[in-house]
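One structure below.
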2 protein chains.
Amino acid sequence: MIACDTCLIRNRAICSVLDDTEVAGLNRIGRRRKVRRGETVIWEGDDAPVVANVLTGMLKLTSVTGDGREQIVGVSFPSDFVGRPFGAGSGNSVTALTDAELCVFARSSFDAFARSHPALEHELLERTLAELDRAREWMLLLGRKSAGERVATFLLETSHRLGRQNCSTEATDPDRFDLPLSRRQTADILGLTIETVSRQIGRLREAGIFLPPVRRTTEILDRDLLRAEAEQG
Amino acid sequence: MIACDTCLIRNRAICSVLDDTEVAGLNRIGRRRKVRRGETVIWEGDDAPVVANVLTGMLKLTSVTGDGREQIVGVSFPSDFVGRPFGAGSGNSVTALTDAELCVFARSSFDAFARSHPALEHELLERTLAELDRAREWMLLLGRKSAGERVATFLLETSHRLGRQNCSTEATDPDRFDLPLSRRQTADILGLTIETVSRQIGRLREAGIFLPPVRRTTEILDRDLLRAEAEQG
DNA sequence: CGATTCTTTGACACCTATCAATCTTAGTGG
DNA sequence: CCACTAAGATTGATAGGTGTCAAAGAATCG
């Protein structure tokens, strides 16, 4: 009996392409680690000696300028892979947005394991390509969209990603979701200030399109109008 | 004798990890294609039935909003790989910035070939990870940097990438390079307007930091000051 | 219930976009 | 080779969107 047998994301993480024997091998070089909200797992510019699977919780990937301006360049959910395997040090920090649990590997061990398991590398490649797609879509948002469009796009994208995340058997309403992000974090995702995000959300609330957090739970009231706002708001 | 034997980028493209027999196999499913400046090879949202190695020239990857605002999300040089293998259709268009020559593969054939050649997939993974690093660094620029910082960063980055590109035996001056980009294209990379880019370049010229294009050839006069501008200009 | 943190709201300033005109470059045909 | 044209780049005036600064209002947590 190894830890992976009881792993909640055994069938969704990169491990899903490995058979039981192979998973046992991977299990041998990994260990579980709990992190608290706000704790930074990997530091930007560091040699980034670890990579990990996200078991529970949410994490942010950030880049920061010399004088402290921060941009969130990615958000990781359970079953996502975080860290930078192969060669280069990490270009961004990884910090827990909520309490989280990780399955951590020393990078050197993981690199060696991956190199000898092509199926794992293929899965990693598919995920990296998907992440690159997402990053490039976000570049369009950061470079060319107005504050209103950004906030609307963010709400749609968040609803979509959290919907995929929810794995309960019963169908859940994609228009209602818990958003464990502060204004600062939302602003850091959208390349805006907290005040601008606040005003745009206020605008959507007044327009009856969106219902802001009541104890973290937020709701999209008019998805069609929100989509229109995302295109040109 | 196959086409790859005379290929200028045989040792720099993803093919470099294949032996002669394997390259022959890849050669069998590929074909060369010349494209003219401005020609679009892959259309955003298309099924994107092709991937390719860049042999000569420069290409841009772009995302576009519904109403025509464009963001350049990547620039490809000789030996770079373009297109979206495995599953998802392409999220962005690929358009030639200069006349260019490509080594094109039907995506289905390439996918199959790659899956049966782990070394190739590993190389693809390394390149995709590096591209993701670059994309995320650019997200910081688009989300958090001022116009002055963007232009300065762009000049440094361009100098760096074109320097690596130049493979002549003699050492070339990294501070002098040819920049085959119009103001519009530069603006679309930086998420700015052409007027703002023009003004910022004018500012750097007046400050004696940078010499704008004379018949495409541009020159960095004071790299240290330019670096300072990139941090907070 | 008090203290801290986060969010909202307002007033104002500034940066960048927009609009418009001039100037330069590149390309074409006489 | 030069004039002519069209496209691209620069420069200027103006406006608008977002950032900044400040204060008041919620929410969270002991």
Side-chain angles (χ1 to χ4, degrees), chain A residues 36-38 65 67-71 97-99 141-155 178-207 210-218 229 232-233, chain B residues 36-38 60 65 67-71 97-99 140-155 178-207 210-218 229 232-233:
Chain A
R36 305 293 294 272
R37 180 159 71 92
T65 62
D67 60 344
R69 284 166 288 171
E70 175 172 321
Q71 177 66 44
L97 290 170
T98 65
D99 288 351
L141 177 139
L142 294 173
R144 291 300 183 206
K145 293 195 179 177
S146 70
E149 293 171 315
R150 293 187 200 197
V151 170
T153 304
F154 165 76
L155 292 172
D178 280 15
L179 192 57
L181 293 176
S182 68
R183 281 282 171 280
R184 169 118 299 283
Q185 287 157 354
T186 308
D188 286 342
I189 288 176
L190 296 175
L192 299 169
T193 59
I194 54 178
E195 294 93 335
T196 298
V197 172
S198 188
R199 279 185 251 267
Q200 292 299 331
I201 285 183
R203 205 173 52 78
L204 292 176
R205 176 173 44 71
E206 283 169 30
F210 174 75
L211 218 56
V214 178
R215 298 177 55 78
R216 298 262 93 124
T217 300
T218 61
E229 291 280 337
Q232 37 185 318
Chain B
R36 306 292 296 272
R37 182 161 70 92
K60 63 173 180 179
T65 62
D67 60 346
R69 284 166 287 173
E70 175 173 318
Q71 178 65 42
L97 289 171
T98 65
D99 289 352
L140 177 64
L141 178 143
L142 294 173
R144 290 298 182 209
K145 292 193 180 179
S146 70
E149 292 170 315
R150 293 187 202 199
V151 169
T153 304
F154 165 76
L155 292 173
D178 279 16
L179 192 57
L181 293 175
S182 68
R183 280 283 172 279
R184 168 118 300 284
Q185 288 157 354
T186 308
D188 287 342
I189 289 176
L190 296 175
L192 300 169
T193 59
I194 54 178
E195 295 93 335
T196 298
V197 173
S198 188
R199 279 186 249 267
Q200 292 300 330
I201 285 183
R203 205 173 52 78
L204 292 176
R205 176 173 43 70
E206 284 169 31
F210 174 74
L211 218 55
V214 178
R215 301 177 54 78
R216 297 263 94 125
T217 300
T218 61
E229 291 280 337
Q232 39 185 316

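The figures here come from the full heavy-atom set of this structure, side chains too, leaving out hydrogens, waters and symmetry mates. This one's a predicted model, so the numbers in the text were calculated from it and none came from an experiment. Numbered from 1 within each chain, the chains take letters A, B, ... in sequence-line order.
- Residues meeting the salt bridge (charged side-chain N to carboxylate O under 4.0 Å, His left out) test with B/Asp99, sequence neighbours left out: B/Arg36.
- In this view, A/Arg144 and B/Asp188 satisfy the salt bridge (charged side-chain N to carboxylate O under 4.0 Å, His left out) rule, not counting sequence neighbours.
- In this structure, A/Ser198 has no side chain to side chain donor-acceptor pair (under 3.5 Å) partners at least two apart in sequence or on a different chain.
- Partners of A/Thr98 by side chain to side chain contact (heavy atoms under 4.5 Å, CB included), not counting sequence neighbours, listed by chain and number: A/Met58, A/Pro180.
- One interatomic measurement links the two molecules: CZ of B/Arg184 to P of D/dG8, which rounds to 10 Å at whole-angstrom precision.
- Bracketed by its first and final contacts, the part of DNA chain C lying under 4.0 Å from non-hydrogen atoms of chain A reaches from C/dT7 to C/dA11 in 5' to 3' order.
- The terminal axes of the helix from C/dC1-D/dG30 to C/dG30-D/dC1, fitted over 5 pairs per end, subtend an angle of 50° to the nearest 10°.
- A/Leu142 contributes atom CG, which lies 6.0 Å from atom CZ of A/Arg150 (distance to the nearest 0.5 angstrom).
- With sequence neighbours excluded, the residues satisfying side chain to side chain contact (heavy atoms under 4.5 Å, CB included) with A/Ile194 are A/Arg183, A/Arg184, A/Ala187.
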Margin query: Generate the contact string for nucleotides 12-30 of chain D. Rules: B means base contact, S means sugar-phosphate contact only, - means no protein heavy atom under 4.0 Å.
Written below: BB----SSBB---------
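- Note on B/Arg150: nothing from the nucleic acid sits closer than 4.0 angstrom, heavy atoms only.
- With respect to B/Glu70 and B/Lys60, a salt bridge is recorded, a charged nitrogen being found less than 4.0 Å from a carboxylate O.
- A distance of 7.5 Å separates CZ in A/Phe154 from CD1 in A/Ile201, rounded to the nearest 0.5 Å.
- Residues passing the side chain to side chain contact (heavy atoms under 4.5 Å, CB included) test with A/Thr65 are A/Asp67, A/Arg69, B/Leu140, B/Lys145, sequence neighbours excluded.
- Put simply, CG on B/Leu204 and CG on B/Leu211 are 11.0 Å apart, with the number rounded to the nearest 0.5 Å.
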